[in-house]
**Student:** 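Sharing a structure below in structure tokens format, with a few things to ask.
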Amino acid sequence: MSDELEILQRALQREKAARKQAEQILEGKSRELYELAQQLKNVNAKLEEGLNEKASELQGVFENLVDAYVLMDISGNIIKMNDAANDLFGYNISEEQLNVVRLIYEDDYQYAMSSFQKLVTQGSFTNYQARVTTKHKGIRTVHINASLIFNKKNKPIAAQGIVRDITEELKQKRIFEEQKKQLSAIVENSSLGIALTQFGKIIQTNKALQNLLGFTQDELMHKEVKAISHKEELEESEENMQKMNDGEIDTFSINKKYIKKDGTIFWAKTNVAAVRNEDGSIKYQVALIEDITEQLKFEKQREVLVKNLENSNKELNDYAHIVSHDLKSPLRSMNALLTWLKEDYVEVLDENAQSSLDLLLKKVDKMDLLINGILRYSSIDKINQPQQKVILQDVVSDIIDVIHIPQHITIEIITELPNVKGDKFRLQQLFQNLLNNAVKYNDKKKGIVTISCKEKEEFWEFAIADNGPGISEKYYDKIFQIFQTLDDKNESTGVGLSIVKKIIDVYEGKIWLKSKEREGTTFYFTLKKQVV
């Protein structure tokens with residue numbers, strides 16, 4: 001009995017020891033499990049934090065994507081769009097359902113379906129360009145890159161696309177291409193020769209330059225500029241090109257000689273402009289070349305003509321003074337002799353002789369007037385008088401007071417005359433000659449002469465009208481020519497109106513007349529305005 005009890009006690013002790021060992025093992029495993037659970041919890045927390053960060057980053061990218069982003073299911077129902085897509089298409093999918101078929105432009109439907117089939121079969125497509133119908137912006141042209149989204153079993157569950165509105169881009173491209181064509185047409189049809197050069201070599205020319213030089217485009221390509229330039233002009237051209245390369249100038253102009261294919265030479269005005277890179281270095285030079293060979297020839301001829309004309313004018317002026325001096329001296333002597341004859345032989349000469357002497361004296365006086373007129377006419381544009389303020393109202397009033405006005409004729413200034421800038425003596429000559437004519441040839445019992453003026457934008461327009469005999473239209477041009485007169489009595493020298501016209505020419509004006517025979521004449525003339 002005691003042995004059995006002892007065996008039982010030992011068995012209980014072994015069981016306790018085994019249980020304690022089991023408890024120790026279980027405690028260890030529990031601790032390991034707890035620690036593992038804590039580690040797993042920490043990892044999950046980090047994963048969740050990382051996932052949230054990535055989701056936030058992805059959402060930021062999605063919302064701030066410049067191009068439109070569209071996410072749709074396999075049936076084409078749009079699941080999500082970013083702000084750019086909302087703005088482009090004009091739909092809010094949180095308020096209304098939208099399928100991509102609704103966006104397809106009718107005429108592009110077949111093309112859209114074939115592209116969608118390519119997406120389904122190949123998993124993606126790129127550079128798809130078509131028109132879409134938006135809610136508010138109308139028809140737009142877009143560029144699309146799209147791809148399928150697959151699940152873990154590699155089964156397509158959705159599709160996504162990046163959509164870029166290229167409507168304005170295409171419009172600008174068309175405008176650019178059109179402007180390019182227009183510019184090309186202008187360049188090709190320009191009468192000026194045009195060359196594009198780089199590093200001293202020709203890389204492009206237009207038809208006009210090819211015709212000027214006698215070379216074809218292929219012959220000119222990559223030919224050096226100095227190969228078609230005369231060596232005498234190379235130094236000046238190279239100096240300007242160096243300044244352009246150094247950034248001192250962007251353009252320059254030069255007259256230089258060019259050598260044609262046949263070896264002949266022509267002069268050309270050449271304008272060169274630099275086309276620079278962003279760093280300021282020369283990318284190209286554009287040269288405009290104008291053949292001035294004939295122009296230079298004409299300029300030399302003109303210089304010779306001008307010089308000859310100046311010499312002729314000087315000789316004519318000198319001749320007028322010499323002739324006037326040589327003629328006036330014997331005229332004075334003739335006048336004195338005729339006067340003495342008339343006075344000394346008054347009792348001897350009969351009435352006919354006296355009349356003949358009076359006629360001779362009148363001829364001498366007319367000759368004297370004619371010579372004075374020639375001198376005045378020849379000196380009008382030769383004497384440079386200082387420009388000053390001239391009060392025409394006073395000038396004309398003084399003329400009316402000085403000249404002889406018969407009692408049956410009245411002169412009236414009917415509008416206020418302006419102040420002008422000019423030579424008082426010349427302007428006095430102008431008005432005095434016109435007024436003298438109006439008075440001298442007036443054949444009416446009650447003669448009327450009026451003076452008026454109108455202000456125009458760039459000049460003053462004057463009118464001197466009379467109610468005299470009038471002038472036939474066939475004489476309108478003749479009366480302004482020197483030595484031309486309509487005076488049947490042969491009392492006029494024919495210089496007065498030619499002086500008037502010459503003075504008006506000096507002041508860059510014009511003169512003309514309107515007249516009706518037996519009713520009167522109005523002379524109109526203009527004087528260019530100047531700052532008084």
**Student:** Whether the side chain of Asp108 engages the backbone of Arg131 through a donor-acceptor N/O pair (distance < 3.5 Å, no angle test) should be reported.
**Tutor:** yes
**Student:** Is the number of heavy atoms from other residues, nucleotides or ligands within 6.0 Å of CD (Glu473) greater than 12?
**Tutor:**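 No, not enclosed.
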**Student:** Tell me which one of Leu212, Leu213, Asn211 satisfies side chain to side chain contact (heavy atoms under 4.5 Å, CB included) with Phe215.
**Tutor:**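 Of the listed options, the one satisfying the test is Leu213.
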**Student:** Taking CD in Gln97 as the centre, count heavy atoms belonging to other residues, nucleotides or ligands within less than 6.0 Å. Is the count above 12?
**Tutor:** no
**Student:** Mind listing the closest non-hydrogen atom pair of Ala85 and Val70 along with its distance?
**Tutor:** CB-CG2, 4.3 Å
**Student:** Distance from Gln295 atom CD to Thr293 atom OG1, nearest 0.5 Å?
**Tutor:** 9.5 Å
**Student:** Asp279 and Ser281: side-chain donor and acceptor closer than 3.5 Å?
**Tutor:** yes
**Student:** Would you please indicate yes or no on a ring centroid separation below 6.0 angstrom for Tyr128 and Phe116?
**Tutor:**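 Centroid distance Phe116-Tyr128: not below 6.0 Å, so no.
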**Student:** Given Asn419, which partner from the list Ile391, Asp394, Val390 fulfils the side chain to side chain contact (heavy atoms under 4.5 Å, CB included) test?
**Tutor:** Ile391
**Student:** Any salt bridge linking Arg164 with Glu169? Criterion: basic side-chain nitrogen under 4.0 Å from a carboxylate oxygen.
**Tutor:** no
**Student:** Side chains of Gln242 and Asp246: is there a donor and an acceptor less than 3.5 Å apart?
**Tutor:**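 Side chains of Gln242 and Asp246: pair found under 3.5 Å.
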**Student:** Measure up the Phe462 and Phe525 rings against each other and bin them: parallel (under 30°), tilted (30 to 60°), perpendicular (over 60°).
**Tutor:** parallel
**Student:** Main chain of Gln117, side chain of Thr121: is a donor-acceptor contact present, judged purely on distance under 3.5 Å?
**Tutor:** yes
**Student:** State whether the side chain of Asn277 and the backbone N or O of Gly280 hold a donor-acceptor pair below 3.5 Å, judged by distance alone.
**Tutor:** no
**Student:** State, to 0.1 Å, how close Phe125 and Ile144 come at their nearest heavy-atom pair, and which atoms those are.
**Tutor:**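 Phe125 and Ile144 have their closest heavy atoms at CE1-O, 3.8 Å.
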**Student:** Lys261 vs Glu219, test: side-chain contact (heavy atoms from CB on, under 4.5 Å). Steps then yes/no.
**Tutor:** CA-CA 10 Å; Lys261 184 177 181 179; Glu219 289 173 329; 2.8 Å; yes
**Student:** Which atom names give the shortest non-hydrogen contact between Ile74 and Ala158, and what distance separates them?
**Tutor:**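 Closest approach of Ile74 to Ala158, heavy atoms only: CD1-N, 3.7 Å.
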**Student:** Considering non-hydrogen atoms only, spot the tightest contact between Ile504 and Thr526 and give its length.
**Tutor:** CG2-O, 3.8 Å
**Student:** For Thr205 and Gln217, does a side-chain donor sit closer than 3.5 Å to a side-chain acceptor?
**Tutor:** yes
**Student:** One pair to check against side-chain contact (heavy atoms from CB on, under 4.5 Å): Tyr258 and Thr270. What are the steps and the verdict?
**Tutor:** CA-CA 10 Å; Tyr258 288 90; Thr270 304; 2.8 Å; yes
**Student:** Does a donor on one side chain and an acceptor on the other come within less than 3.5 Å for Gln160 and Tyr69?
**Tutor:**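 Their side chains do contain a donor-acceptor pair, which is all the 3.5 Å distance test asks for.
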**Student:** Step through the shown structure and confirm whether more than 12 heavy atoms of other residues, nucleotides or ligands are within 6.0 Å of NZ on Lys243.
**Tutor:**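 Check fails, neighbour count at 12 or below.
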**Student:** Indicate whether any N or O donor in one side chain lies under 3.5 Å from an N or O acceptor in the other, for Asn77 and Ser75.
**Tutor:**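 There is no such pair (donor and acceptor under 3.5 Å, judged by atom type) between the side chains of Asn77 and Ser75.
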**Student:** Identify the heavy atoms of Tyr507 and Lys421 that sit nearest to each other, and give their distance.
**Tutor:**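 Taking Tyr507 first and Lys421 second, the nearest heavy atoms are CE2-O, 4.0 Å.
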**Student:** Would Lys529 and Glu455 pass as an ion pair if we require N to O under 4.0 Å?
**Tutor:** yes
**Student:** Return the minimal non-hydrogen interatomic distance between Ile93 and Ile79, and the atom names on each side.
**Tutor:**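 So the minimum-distance heavy-atom pair works out to CD1-O, 3.2 Å.
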**Student:** How long is the span from the CD1 atom in Ile399 to the CD atom in Gln429, to the nearest 0.5 Å?
**Tutor:**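 With rounding to 0.5 Å, CD1 (Ile399) is 10.0 Å from CD (Gln429).
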**Student:** Pairing donors with acceptors under 3.5 angstrom, does anything connect the side chains of Ser253 and Asn271?
**Tutor:** yes
**Student:** Is it the case that over 12 heavy atoms from other parts of the model lie below 6.0 angstrom from the CZ atom of Arg140?
**Tutor:** yes
**Student:** Mark yes when over 12 heavy atoms from residues, nucleotides or ligands other than Lys135 sit less than 6.0 Å from its NZ; otherwise mark no.
**Tutor:**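 Count over threshold, so yes.
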**Student:** Flag yes if more than 12 heavy atoms outside Glu177 fall under 6.0 Å of its CD atom; otherwise flag no.
**Tutor:**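 Counting neighbours around CD of Glu177, more than 12 heavy atoms of other residues, nucleotides or ligands fall under 6.0 Å, so yes.
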**Student:** Is the backbone N or O of Asn127 less than 3.5 Å from a side-chain atom of Asn145, with the two atoms forming a donor-acceptor pair by type?
**Tutor:** yes
**Student:** How would you list, by chain and number, every residue that makes a ring pair (Phe, Tyr, Trp, His ring centres under 6.0 Å) with Tyr109, sequence neighbours excluded?
**Tutor:**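 For Tyr109, no residue satisfies ring pair (Phe, Tyr, Trp, His ring centres under 6.0 Å) once neighbours in sequence are set aside.
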**Student:** Working to the nearest 0.5 Å, report the span between CD of Glu224 and CZ of Phe199.
**Tutor:**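 Here the interatomic distance stands at 13.0 Å.
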